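Everything quoted here is computed from the prediction, not taken from an experiment. We name chains A, B, ... by the order of the sequence lines, and we start the count at 1 in each one.
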Amino acid sequence: MKNWIVAAVVMAALAIPAIGRAHEGHLHKALGTIASVQGDHVEIKTNDGKSITVMLDKKTTVTRGTEKLDATALKVGDRVSVEYMEEKKMMMAHAIKLGTATEAAKK
Amino acid sequence: MRRVTFILIGAGLVVMLMATAGLVYLRASGLDAMAQPGALEARLARAARGVAIPSAIRTMANPTPRSGESVADGMAHFADHCAVCHGNEGRGDTEMGRGLYPKAPDMRLDATQQLSDGELFYIIEHGIRFTGMPGWRTGTTAGEESSWHLVHFIRHLPTLTPAELDSMKARNPRSPEDIRFEIEEERFLNEGAQK
């Protein structure tokens, strides 16, 4: 009888999935030009005409070629390639690559 | 006769109890792969895996000498075959790794690093049933040697350098869509071409 109780408890424990589900979004990529930089978020006008706003955090990497930069390097008019993921209803930027050519420089 | 009846009733009750528990499991979990396994389930599964690995293999030391070459070989292999689920850093924080049940583990941590060389080798060669880990055994000496190189590389994961990560990225499998994006990205960022 005791063994049955143990077996039932084990099965019940297995049936209860852990609380907290790791349901992250998918990684997206976009090319575009920075339309605005405001604190911890950057608005990008993408090459296909859309506008996306991505959030920056301490994990966001900013690079130009092999050079690693910080978020202050992001300027309006910069051409960027951004990798971002929806996390907690926000688009979190994972990586932003800066181009050598900028809209600002062209003007 | 009475004893036989008692045993049959008992066995019937056990079967009913297990069937009920199974039904509860199916209904409660929905067989959802996005869930995290509970602590007890994880512990039982690890224990079962430990029992399943033959002791002769579990106690084997890596027969391939550790060298820069063997680690590099394992690294190249890992980037090409394993990183899609485990990630180049072995953190398991990939789209595939997060969607598996159980999740692809952070291989830099003790749960992986404290496995013996033989256990790691066995897992690479045979995979683990009821998880997303496939077996990679080819039955060839070259295949086994390759798995032992991977064991060296798994030991190296906690101390990967940024330069090594960059070299792995270049070896990660890419879809035609990824390749198209990279070409477009290169042109857009560095050649100043307007779309």
Side-chain angles (χ1 to χ4, degrees), chain A residues 1 3-34 44-49 59 61 63-68 77-83 85-87 94-106, chain B residues 10-11 13-45 92-104 162-163 166 169 177-178 180-195:
Chain A
M1 186 65 184
N3 288 344
W4 292 6
I5 293 169
V6 170
V9 168
V10 167
M11 289 302 287
L14 292 178
I16 302 168
I19 297 167
R21 298 179 173 207
H23 193 145
E24 302 283 358
H26 302 281
L27 195 63
H28 299 281
K29 296 179 180 179
L31 299 175
T33 306
I34 294 179
I44 297 165
K45 187 169 189 299
T46 65
N47 285 355
D48 54 6
K59 289 188 288 183
T61 61
T63 55
R64 179 179 279 120
T66 56
E67 185 185 5
K68 290 189 176 166
D78 281 345
R79 288 182 171 201
V80 291
S81 170
V82 59
E83 287 183 4
M85 184 182 281
E86 184 176 345
E87 295 173 23
H94 284 209
I96 298 179
K97 295 180 191 172
L98 280 164
T100 52
T102 67
E103 295 302 307
K106 284 172 67 73
Chain B
L13 283 172
V14 169
V15 169
M16 279 176 62
L17 184 67
M18 291 180 75
T20 304
L23 191 63
V24 168
Y25 176 78
L26 291 177
R27 298 293 296 187
S29 71
L31 296 183
D32 177 11
M34 298 303 290
Q36 287 279 3
L40 176 61
E41 184 176 352
R43 181 171 286 204
L44 286 173
D93 189 19
T94 66
E95 207 165 346
M96 293 281 275
R98 286 191 298 270
L100 293 172
Y101 188 92
K103 312 299 156 211
D166 284 343
K169 280 179 193 166
E177 180 62 28
D178 290 333
R180 271 196 296 275
F181 183 87
E182 283 175 19
I183 293 169
E184 194 180 349
E185 178 186 64
E186 170 75 16
R187 191 185 62 191
F188 178 69
L189 293 181
N190 301 321
E191 294 179 7
Q194 272 292 333
K195 276 197 80 176

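The two atoms that bring A:L31 and B:E184 nearest to each other are CD1-CG, 3.7 Å, heavy atoms only. The two atoms that bring B:F181 and A:K29 nearest to each other are CZ-CB, 3.5 Å, heavy atoms only. Nearest heavy-atom pair, B:F188 versus A:V80, reported as atom, atom and distance to 0.1 Å: CE2-O, 3.9 Å.
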